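Not measured: the values here are computed from a predicted model. Below, chain A is the first sequence line, B the second, and so on; all start at residue 1.
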Amino acid sequence: MIYLELFIAFAKIGVLTFGGGYAMLPIIQREIVEKKKWVTEAEVMDYYAIGQCTPGVIAVNTATFTGRHIAGNLGGICATAGVVFPSIVIITFIAALIRGFAYFKPVQDALAGIRVCVCVLIFNAVVKMWKKAVVDRVTLILYALILAASVFWHASPILMVVIAAAAGLIVKGRAET
Amino acid sequence: MMLYLRLFLEFFKAGLFAIGGGMATVPFLQDIARKTGWYTAGDLADMIAVSESTPGPIGVNMATYVGYTTVHSHYGPVAGILGAVTATVGLVTPSVIIILIIAKFLEKFRDNRYVNAAMYGLRAASVALISSAGISVVLIAVFRIGSFSEWRSAVIDYRCFVLAVVILILTRWVPKVKKMHPVVFIAASALIGIVFHMSGPV
């Protein structure tokens, strides 16, 4: 039963992926390319690259691609359900736990410490993305404008995304002359 | 029923417009918090920490967490599980549809000039939105205010400030240590938070 097999293989990937994004690439390679031989190394890299420039979670996009490649549209859906399944179980459990103990003083203290750590983690993610995203004067201006709009006026991120895509098309979309 | 439908729609929108994975979902979750009041910006910081320190893609983890807590506070724990599933399915649906369509003409999509041009702008937007989300977490965690308009009541919690600087140095410049998984730093910060009673007054 290929659908069940896809579900289980990607549920395994979901469990083994800690931190998402780049962390999952080696695990996908081991499980899907080397063990199952469902897709080639090059195909996974393609899926991954496209996953980064299409909406949604990269891990999910890669799962959908692989599943569809193996067993059609239903295969894509089964693989996606698989990669998401462990998160739903684990996170629901933790969320329930945190809710139950939130009034507890040490838990509040721990969360206050963790929030500080989250600031740094977000900062590090920004630095990593910055190198690939802010590459010239146009992208720097775009960055500054969107940052100001969302920090000071709480502009809708959807609107910002649409404007940025339009700006990219206007600046880079013309045919080379 | 309406709550489930709204959860689904809000996360559907986040899934459709958040490009660049992981942290890219954060600004959208912040926008949802402002519009609906389902959770506070402080709760969001906790969700990021939990999502970073548990298995699974961060975006999916956050959708599950928000879905569970939101429905739980209205209808109790069992309904909360259904809320977790609803939010997650909402987040994932747009990308599944888009990928299934794109998969048919993979090569053309990747080499398309217009796709690359749009991406050029979108990458900058993604970093800007995440930066903005980061700034509001700093305001909450270190200055204890919700936004810049409350600057008059800001306090500088020096304990948090020192902790932030130490983690920054450890994660960026100390060899070997900086390669460690985020969960290590999150756990250490939790301990330090407990030891110094960080949720209390400065």
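Nearest approach of B:Leu168 to A:Phe123, heavy atoms of both residues: CD1-CD2, 3.5 Å. Across all their heavy atoms, B:Tyr114 and A:Leu169 have their closest contact at O-CD2, 3.3 Å. Taking every heavy atom of both residues into account, A:Cys117 and B:Ser189 meet most closely at CB-OG, 3.1 Å. Residues A:Ser87 and B:Pro57 approach most closely at OG-CD, 3.9 Å, considering heavy atoms. Taking both residues in full, the closest heavy atoms of B:Ala125 and A:Met160 are given as CB-O, 4.4 Å, listed atom of the first, atom of the second, then distance. Closest approach of A:Pro55 and B:Gly15 over heavy atoms only: CB-O, 3.3 Å.
The residue among A:Thr54, A:Asn61, A:Val151 with the most heavy atom pairs within less than 4.5 Å of chain B is A:Asn61. Of all the listed residues (B:Ala14, B:Ser132, B:Pro27, B:Pro94), the one sharing the greatest number of non-hydrogen pairs under 4.5 Å with chain A is B:Ser132. For the set B:Ala187, B:Ala84, B:Ala103, the count of heavy-atom pairs under 4.5 angstrom toward chain A peaks at B:Ala103. Counting heavy-atom pairs closer than 4.5 Å to chain A, the top-ranked of the candidates B:Ile48, B:Ile98, B:Val96, B:Ile192 is B:Val96. Ranked by heavy-atom pairs under 4.5 Å with chain A, the first of B:Arg123, B:Met119, B:Met47, B:His72 is B:His72. The most heavy-atom pairs under 4.5 Å with chain B, out of A:Ile114, A:Asp136, A:Ile146, A:Leu142, come from A:Ile114. The candidate with the highest count of non-hydrogen atom pairs below 4.5 Å against chain B, out of A:Val135, A:Asn124, A:Thr80, is A:Asn124. Taking chain A as the reference chain and counting heavy-atom pairs below 4.5 Å, the highest number among B:Ala188, B:Ala133, B:Ala124 is found for B:Ala124. Between chain A and the options B:Val137, B:Ile99, B:Val127, B:Leu16, heavy-atom pairs under 4.5 Å are most frequent for B:Ile99.
Of the atoms belonging to B:Leu91, it is side-chain heavy atoms, and not backbone ones, that fall under 4.5 Å from chain A. Heavy atoms closer than 4.5 Å to chain B are found in the side chain of A:Ile77, but not in its backbone. Looking at A:Leu140, there are no atoms closer than 4.5 Å to chain B (heavy atoms on both sides), in backbone or side chain. Contact annotation for A:Val127: only side-chain heavy atoms (C-beta onward) come within less than 4.5 Å of a heavy atom of chain B. With a 4.5 Å cut-off on non-hydrogen atoms, A:Ala96 touches chain B through its backbone and its side chain both. Heavy atoms of B:Ser136 lying under 4.5 Å from chain A are absent altogether. Proximity to chain B is absent for every atom of A:Val89, based on heavy atoms less than 4.5 angstrom apart. The contact between A:Leu111 and chain B is made by backbone and side chain atoms together, counting heavy-atom distances below 4.5 Å. In this structure, chain B has heavy atoms under 4.5 Å from both the backbone and the side chain of A:Tyr143. Proximity to chain A is absent for every atom of B:Leu191, based on heavy atoms less than 4.5 angstrom apart. The contact between A:Ile88 and chain B is made by backbone and side chain atoms together, counting heavy-atom distances below 4.5 Å. Within the 4.5 angstrom heavy-atom criterion, atoms from both the backbone and the side chain of B:Tyr120 approach chain A. With a 4.5 Å cut-off on non-hydrogen atoms, A:Phe85 does not touch chain B at all. Both the backbone and the side chain of A:Val116 come within less than 4.5 Å of a heavy atom of chain B. The parts of A:His154 that come within reach of chain B are both its backbone and its side chain, each placing non-hydrogen atoms under 4.5 angstrom from that chain.
Evaluated for a side-chain contact (heavy atoms from CB on, under 4.5 Å) with A:Ile122, the options B:Ile135, B:Val138, B:Ile130 yield exactly one hit, B:Ile130.
Inter-residue side-chain proximity for A:Val83 and B:Val60 is flagged as unmet; no heavy-atom pair is nearer than 4.5 Å. Side-chain atoms of A:Val161 and B:Leu129, non-hydrogen and from C-beta on, do get closer than 4.5 Å to each other.
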Start with the C-alpha distance between A:Val57 and B:Ser95, add both sets of side-chain angles, then the distance that settles side-chain contact (heavy atoms from CB on, under 4.5 Å), and finish with yes or no.
CA-CA 8 Å; A:Val57 182; B:Ser95 62; over 6 Å; no
Start with the C-alpha distance between B:Thr88 and A:Ile91, add both sets of side-chain angles, then the distance that settles side-chain contact (heavy atoms from CB on, under 4.5 Å), and finish with yes or no.
CA-CA 11 Å; B:Thr88 309; A:Ile91 296 289; over 6 Å; no
Before giving the answer on side-chain contact (heavy atoms from CB on, under 4.5 Å), spell out for A:Ile98 and B:Asp46 the whole-Å C-alpha distance, their side-chain angles and the decisive distance to 0.1 Å.
CA-CA 10 Å; A:Ile98 289 187; B:Asp46 303 340; 5.9 Å; no
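For the atom pair OG1 (B:Thr64) and CD1 (A:Ile90), the distance works out to 10.0 Å, reported to the nearest 0.5 Å. Taking CG of B:Leu44 as the reference point, atom CZ of A:Arg115 lies at 9.5 Å (rounded to 0.5 Å). Note that the CD1 atom of A:Ile158 and the CZ atom of B:Phe17 stand 5.0 Å from one another [nearest 0.5 Å]. Here the CE-CG distance, from B:Met198 to A:Asp109, works out to 9.0 Å after rounding to the nearest 0.5 Å.
Shown here is B:Phe196, whose CZ atom has no more than 12 heavy atoms of other residues, nucleotides or ligands within 6.0 Å. Atom CZ of B:Phe143 is surrounded by more than 12 heavy atoms from other residues, nucleotides or ligands within 6.0 Å.
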